[in-house]
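Read the structure below first, then the notes.
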Amino acid sequence: MNRDIPGGATGVISGAMSSPQAKPLRLGVNIDHVATIRNARGEAYPDPARAADLAMQAGADGITAHLREDRRHISDADIDALAALARKRGRPLNLEMAATPEMEAIALAHRPHAACLVPERREEVTTEGGLDVAGQHNHLAPVVANLKAAGIRVSLFIEADPAQIAAAHALGAQVVELHVGAYCLAVRERRPEAAEHYRRLREGAALAASLGLEVHAGHGIDYETVSAVAAIPEFAELNIGHFLIGEAIFTGLDPAIRRMRLLMDAARAGAAPSETTQEAAA
Ligand code: PXP
């Protein structure tokens, strides 16, 4: 890998090295794309709830699922099943959702551990950017307040932009999830902008934590980028989906998740994964 670009399974940046006191790092596995495969044939398999259960056995601390307005992958019945499973296993369900009245009603009916508000456009292939919290304060404020009043932890999926972080804090969100997609893509494409994206993520995570927000990261993380992301000490949770479901085709879901966990844990412990760790993970 290109050592000039921050990232890579062996490319943890020394400036972002975690201290031995670094917070533990949770892994949320996003199982949306199990439903994408199921829906491609209109069949009842593969079952996202079965994948969620397996993911938790493999080391996921919680499950993340995005119920989109167009139901392109996760369905309402999936959310029923995932909420029941999360309760049974005593693990958190993180419901990604647009801030619409329909989704708010679904969240209030299920009361997941957390709701992550994301921007949503019907024509997008995946969540393209962060939520414009600063520009949508009046629209988001009642949704955030209603979810919080129901005991749901509110997370806002935003870019690592100081104005958005400050707006999320002002809105009373408990969590911000920083969009790491542009960074991860720049690393994969070996573009030098990766360094600038990474600097913004580090500074954004530090700012958010200094305001008392819990800080998560998500979008586009793979084995190559997870170590550098996990080495940012303020991150408390990474939400990872598409890459893991794709990797499961080759190795199975359990080994794919276990390997991701090992890489995360090694980076968080302040060490680039040793050859031994990498062998164990492979
Ligand atoms: N976090 C958020 C807020 C997302 O929208 C997504 C994609 O659904 C993810 C994490 C997971 O991203 P990926 O599937 O690229 O790992």
Side-chain angles (χ1 to χ4, degrees), residues 7 25-37 39 48 51-52 55 60-74 78-79 82 92-99 103 107 112-122 124-133 140 153-160 164 168 173 175-189 197 201 204-205 208 213-226 228-230 235-249 253 256-257 259-261 263-264:
L25 183 59
R26 298 190 301 270
L27 170 63
V29 171
N30 180 315
I31 43 75
D32 293 351
H33 297 298
V34 176
T36 304
I37 296 169
N39 296 358
D61 298 289
I63 294 302
T64 293
H66 185 175
L67 183 66
R68 293 187 79 105
E69 184 204 6
D70 62 9
R71 311 300 199 266
R72 70 177 68 163
H73 37 56
I74 292 294
D78 290 329
I79 295 295
L82 292 168
L93 173 65
N94 173 32
L95 174 64
E96 289 178 5
M97 54 178 264
M103 290 302 153
H113 169 79
C116 179
L117 301 183
V118 299
E120 210 177 281
R121 286 194 306 121
R122 203 170 256 269
E124 71 191 0
V125 175
T126 183
T127 315
E128 283 170 355
L131 200 60
D132 179 13
V133 185
L140 294 171
R153 208 163 160 72
V154 177
S155 169
L156 302 177
F157 185 52
I158 58 172
E159 302 292 333
Q164 298 295 344
V175 181
V176 285
E177 180 166 324
L178 300 188
H179 195 323
V180 298
Y183 161 69
C184 293
L185 190 60
V187 171
R188 273 196 285 284
E189 294 179 349
H197 285 301
L201 288 170
L213 291 158
E214 184 170 300
V215 200
H216 299 177
H219 218 286
I221 298 171
D222 63 4
Y223 291 150
E224 190 182 10
T225 47
V226 70
V229 174
F235 286 141
E237 179 175 309
L238 307 186
N239 284 301
I240 310 178
H242 188 253
F243 176 82
L244 285 173
I245 304 306
E247 193 62 15
I249 294 169
L253 189 55
I257 292 171
R259 181 172 181 191
M260 191 63 85
R261 255 248 83 98
L263 293 170
M264 280 168 60

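Whatever order the structure lists them in is the order used to number ligands and atoms, beginning at 1.
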#### Entry: Proximal ligand 1 atoms for His242, defined as those under 4.0 Å from one of its heavy atoms
13 (P), 14 (O), 16 (O)
### Query
Are any side-chain N or O atoms of Tyr223 and backbone N or O atoms of Phe243, one a donor and one an acceptor, separated by less than 3.5 Å?
no
### Query
With no hydrogens and no angle check, is any side-chain donor or acceptor of Glu120 less than 3.5 Å from a backbone partner on Glu69?
yes
### Message
Between ligand 1 and His66, is the shortest N or O to N or O distance under 3.5 Å?
### Response
no
### Message
Are any of the N/O atoms on Gly241, whether in the backbone or the side chain, positioned under 3.5 angstrom from an N/O atom of ligand 1?
### Response
yes
### Query
If only atom types and distance count, is the side chain of Asp32 paired as donor or acceptor with the main-chain N or O of Ile74 below 3.5 Å?
no
### Task
Side-chain contact test, heavy atoms from C-beta onward, threshold under 4.5 Å: evaluate it for Ile158 versus Val176 and give yes or no.
yes
#### Entry: Atoms in ligand 1 flagged as close to Ile240, the criterion being non-hydrogen separation under 4.0 Å
16 (O)
### Task
Without swapping roles, check the side chain of His179 against the backbone of Gly181 for a donor-acceptor pair under 3.5 Å.
yes
### Query
Under 30°, 30 to 60°, or over 60°: which ring-plane class applies to His219 and Phe157, parallel, tilted or perpendicular?
parallel
### Query
Considering only heavy atoms of Asn239, which atoms of ligand 1 have at least one such atom less than 4.0 Å away?
10 (C), 11 (C)
### Summary
A student checking ligand 1 against Phe157 at a 4.0 Å heavy-atom cut-off should list atoms 3 (C)
### Query
Can you find an N/O atom of Glu177 closer than 3.5 Å to an N/O atom of ligand 1?
yes
### Message
Test your reading of the model: is there a side-chain donor-acceptor pair from Gln164 to the backbone of Val133, 3.5 Å cut-off?
### Response
yes
### Query
Any idea which part of Val118 is under 4.0 Å from ligand 1, heavy-atom wise: side chain, backbone, both or neither?
side chain
### Query
Does any N or O atom in Gly220 lie less than 3.5 angstrom from one in ligand 1, N or O only?
yes
### Query
Is Glu96 in polar range of ligand 1, meaning some N or O pair under 3.5 Å apart?
yes
